[in-house]
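Below you'll find the structure, written out as structure tokens, and then a few comments.
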Amino acid sequence: MRIRQNTTFCWAAEKSAARPRDAPGLGCSTKAASRPGKLRGKVGRRTWAAPLQKTSRRVNSPRLNGSSRCSSPPSAMAPRNGSGSSESAPDRAGSAIGPHFPASHVLSECPFSAASMSSEVRVRFAPSPTGYLHVGGARTALFNWLYARHTGGKFILRIEDTDRARHVDSAVAAILEGLRWLGLDWDEGPGAGTAGALEGSGDYGPYFQSERGAVYERYLSRLRDGGHVYEDPAGAVRFRLPRKPMEFDDLVCGHIAVDRSKTTTPTGEPESDMTIRRPDGSWIFHFVNVVDDAEMRITHVIRGEDHLSNTPKHIELYEALGIAPPQFAHIPLILNRDGSKMSKRDQGAHVSSYIEQGYQPEAVRNYLCLLGWSPKDDREKLPIEEVIRLFEPGKINRKAAHFDLEKCNWLNAQYLAAMSLDEFTQASIPWLEKAGIAYGNAAALSPVLALIKEKIKLIPEVTGWVDYFFTDAFEYNPEAVEKTLRKPGALERLVQLRGAYAQLSTWEATLLETQLKELAAQVGCKPAEYIHPARVAVSGRGVGPSLYHMLEVLGQQRVLARIDRTLAEFAG
RNA sequence: GACCCUAUCGUCCAGAGGUCUAGGACACUCCCCUUUCACGGGAGUAACACGGGUUCGAAUCCCGUUAGGGUCACCA
């Protein structure tokens, strides 16, 4: 099955043609000023705004960013529209491109401009179809999603498959599955909307880079017209790096200043011009990423810190294109517990592993929320609505987080404990079926699950706790046998207990308890001397639920039969 | 190698110059509850990387060192 590229493409082209005023860059250019007031960059805290600290904290420093986001402001700040140029006309770029913009354009970006306050937040998650969703990627998606939901903006999914060769449907599907499992719904992109069609829905498609060739061609010619690119001897298209100092403000990392003229290769030579297109015509990530973010009117790029060092290059591209860059928020990476880099082989690296192991999606999501972010109080288990309410990119931690599966497990147990017996039963059924346990039906299963619900940290564990309820042919645990049944007098006491229980006309936990204790008192030994053998006799193991409740659920007939079987098996 | 980011208990977070003899959670240890295993309750071990500044006062601001991470691709 392949994506319907042609249809999608035409459809998207129509869409954009129908919105001539929404030319790329224009929407973007407003965003610098339109960041919702709640964003708190850490900018003020660490650098130039020190004297303003308290104020900026309260008033929200991002506004300050507008005037200092880029070191070469004239080209960094795109001109506001005004021209009404058409998106489809290649030459429209003429008015928008160019390194020299009147200062008034910059000033018009005044962050306090009321007119710009209304534009909507648009964030995106742009994975490459690698065949699985990495937890790091999942957290990036989560933070984007949280911000979109927090602001009432849009969360967009874009697949960075660069070209057809990289596109594999099953690989895309794995990512969508992971996102859906975590409950991160997207407003635009593959599978968005009620139809769930893979080609996706949204006004800025296609959402597969492999289908956006025409868009890239258009932008390439803009760069060419501006004299920003050239073809090297090998036939690759390269972007002339400006090689000058530049700075920008990152919502998480604060003010970043880097002298790009000093950037070198690992061997110490000056950085070579960035390739944006290979000789075979395929596109390089940096270019298409920037073009798509601009075209899709992304206002905030929330991505992994591994891109922080790439950001100056991206901003240079925006400048060459005459488009104001979005706001950036680089979130720290997730490391293994031991501090090493988390690779796809590491424990817990794939979201699919949580699905397979039966984690509760809300628990995993909750855990991911807490990795680099906190509600600033002592709460750990938080309803997602609460996280959405409190979440702001500026509050994301700057330190890389080490992944701790133990805590994730604990949270999972917290979520299980909060489930009703009904929910717990429904969640257990698929796993019992997978294990081939003949539990009968939900009504028969629930009372059994009620006995062990609180002992479980992960749903699939139920199978090991309840199997003997549904088969009389259970095995005896050797250790338990050794420890209890082999004890002198154990079988005799079992006989006595059987005798007492056989006479009961009602079968109920508290009665079973008093009977057993009376028997123990008569004989003059501890109840435990009866309890342990009884447990092993009816379940085959030394650990389990409360004995009397277990007996009650098992029923008189089965209990007596199992004691008989045990006596027969271990006598003599 | 150059550049960038980071640095509070083993781990995740709180801490925004005095309220810090640094708080919560996971994990760990002990106690209580208890027929087992868990749950739950209580207690405990455990951290401001180091060195200089600034200040009356620094976990908090600045500089340096060290350590970790990242980027420097015709990967994304």
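Just so we're on the same page: letters track the sequence lines, and every chain starts at 1.
Salt-bridge annotation for A:Asp273 and A:Arg243: present, with a side-chain N of the basic residue lying under 4.0 Å from a carboxylate O of the acidic one. Between A:Glu231 and A:Arg277 no salt bridge is recorded (no basic side-chain N to carboxylate O distance below 4.0 Å).
As a whole-Å value, the separation of A:His532 NE2 from B:C37 C1' is 11 Å. Distance, A:Met246 CE to B:C4 P: 14 Å, rounded to whole Å. Going from atom CG of A:Leu405 over to atom P of B:A25 covers 21 Å, rounded to whole Å. Taking atom CD of A:Glu380 as the reference point, atom C1' of B:G23 lies 12 Å away to the nearest angstrom. To the nearest angstrom, P of B:U11 lies 12 Å from OH of A:Tyr367. If you take CD1 of A:Ile396 and P of B:C5, they are 18 Å apart, rounded to a whole angstrom. With rounding to whole Å, A:Leu382 atom CG is found 18 Å from B:G24 atom P. In this structure, CD of A:Glu316 is placed 17 Å from P of B:C3, rounded to the nearest angstrom.
Here B:A59 sits opposite no nucleotide as a Watson-Crick or G-U wobble pair (both hydrogen-bonding atom distances under 3.5 Å). Of the nucleotides present, B:U65 is the one that pairs with B:A49 by Watson-Crick or G-U wobble criteria, both distances under 3.5 Å. Applying the Watson-Crick and G-U wobble criteria (two distances, each under 3.5 Å), B:A43 pairs with B:U29. Look at B:C3: its Watson-Crick or wobble partner, with both distances under 3.5 angstrom, is B:G70. Across all strands shown, B:U21 has no partner, as no Watson-Crick or G-U wobble contact with both distances under 3.5 Å is found.
Aromatic pair A:Trp507/A:Tyr501: centroids less than 6.0 angstrom apart. With ring centers used as reference points, A:His314 lies under 6.0 Å from A:His286.
Among the atoms of the strands shown, none is found under 4.0 Å from any heavy atom of A:Tyr530. At a threshold of 4.0 angstrom between heavy atoms, the contacts of A:Ala528 with the nucleic acid are absent. At the heavy-atom level, A:Gly268 lies nowhere under 4.0 Å from the strands shown. Contact annotation for A:Pro545: base contact, defined as any heavy-atom pair under 4.0 Å involving a base atom. Among the protein residues, A:Leu371 comes within range of the sugar-phosphate backbone only, with heavy atoms under 4.0 Å from sugar or phosphate atoms but none that close to a base.
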Distances for protein N or O near nucleotides 26-28 of chain B N or O, under 3.5 Å:
from, atom 1, to, atom 2, distance (Å)
B:C26, OP1, A:Trp410, NE1, 3.3
B:C26, O2', A:Lys407, N, 3.3

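Checking the phosphate oxygens (OP1, OP2) of B:U36, no side-chain nitrogen or oxygen of A:Arg535 falls inside 4.0 Å. Residue A:Lys262 has no polar side-chain atom (N or O) positioned under 4.0 Å from OP1 or OP2 of B:C3.
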Encode nucleotides 66-76 of chain B as B, S and - characters from 5' to 3', where the letter depends on protein heavy atoms closer than 4.0 Å: B to the base, S only to sugar-phosphate, - to neither.
-> ---SBSBSBSB
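Rounded to the nearest Å, the gap between the P atom of B:A67 and that of B:C50 is 15 Å. Across B:A46 and B:C26, the matching C1' atoms stand 14 Å from one another, rounded to whole Å. Rounded to whole Å, the separation between the C1' atoms of B:A47 and B:G10 comes to 10 Å. Taking atom P on both B:G52 and B:A58, the two are 13 Å apart, rounded to the nearest angstrom. Here, B:C63 and B:C3 have their P atoms 16 Å apart, quoted to the whole Å. Separation of the C1' atoms belonging to B:C62 and B:G70 is 25 Å when rounded to the nearest angstrom. B:U60 and B:G40 are spaced 38 Å apart, taking the C1' atom of each and rounding to whole Å. B:C39 sits 12 Å from B:U29 when the P atoms are compared, rounded to a whole Å.
When the nucleotides B:U36, B:C13, B:U35 are ranked by their closest atom to the side chain of A:Val543, B:U36 comes out on top.
For the residue pair A:Arg389 and A:His150, no side-chain donor N or O sits within less than 3.5 Å of a side-chain acceptor on the partner. A:Ser539 and A:Arg535 form no side-chain donor-acceptor contact under 3.5 Å, judged by distance and modelled atom types alone. Inspection of the A:Ser128 and A:Thr130 side chains reveals no N or O donor paired with an N or O acceptor under 3.5 Å.
In the interface, the side chain of A:Ser546 is paired with the base of B:U35 through a donor and an acceptor atom under 3.5 Å apart. The base of B:C37 lies close enough to the side chain of A:Lys455 for a donor and an acceptor atom to sit less than 3.5 Å apart.
Of the residues near RNA chain B, A:Arg379 and A:Asp259, the one whose nearest nucleotide (by heavy atom distance) lies more toward the 5' end is A:Asp259.
Screening A:Asp161, A:Thr162, A:Asp292 for a side-chain hydrogen bond (donor to acceptor under 3.5 Å, both in side chains) involving A:Arg212 leaves a single residue, A:Asp292. Screening A:Tyr132, A:Tyr359, A:Tyr367 for a ring-ring contact (aromatic ring centres under 6.0 Å, His included) with A:Tyr354, the sole residue that qualifies is A:Tyr359.
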Mind running side-chain contact (heavy atoms from CB on, under 4.5 Å) on A:Asn289 and A:Glu160 for me, showing each step along the way?
-> CA-CA 8 Å; A:Asn289 183 269; A:Glu160 304 221 325; 3.1 Å; yes
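In the displayed structure, A:Glu475 atom CD is contacted under 6.0 Å by at most 12 heavy atoms of other residues, nucleotides or ligands.
Look at B:C39: its glycosidic torsion is within 90° of 0, and that puts it in the syn range.
When the salt bridge (charged side-chain N to carboxylate O under 4.0 Å, His left out) test is applied to A:Asp404, the partners found at least two apart in sequence or on another chain are A:Arg337.
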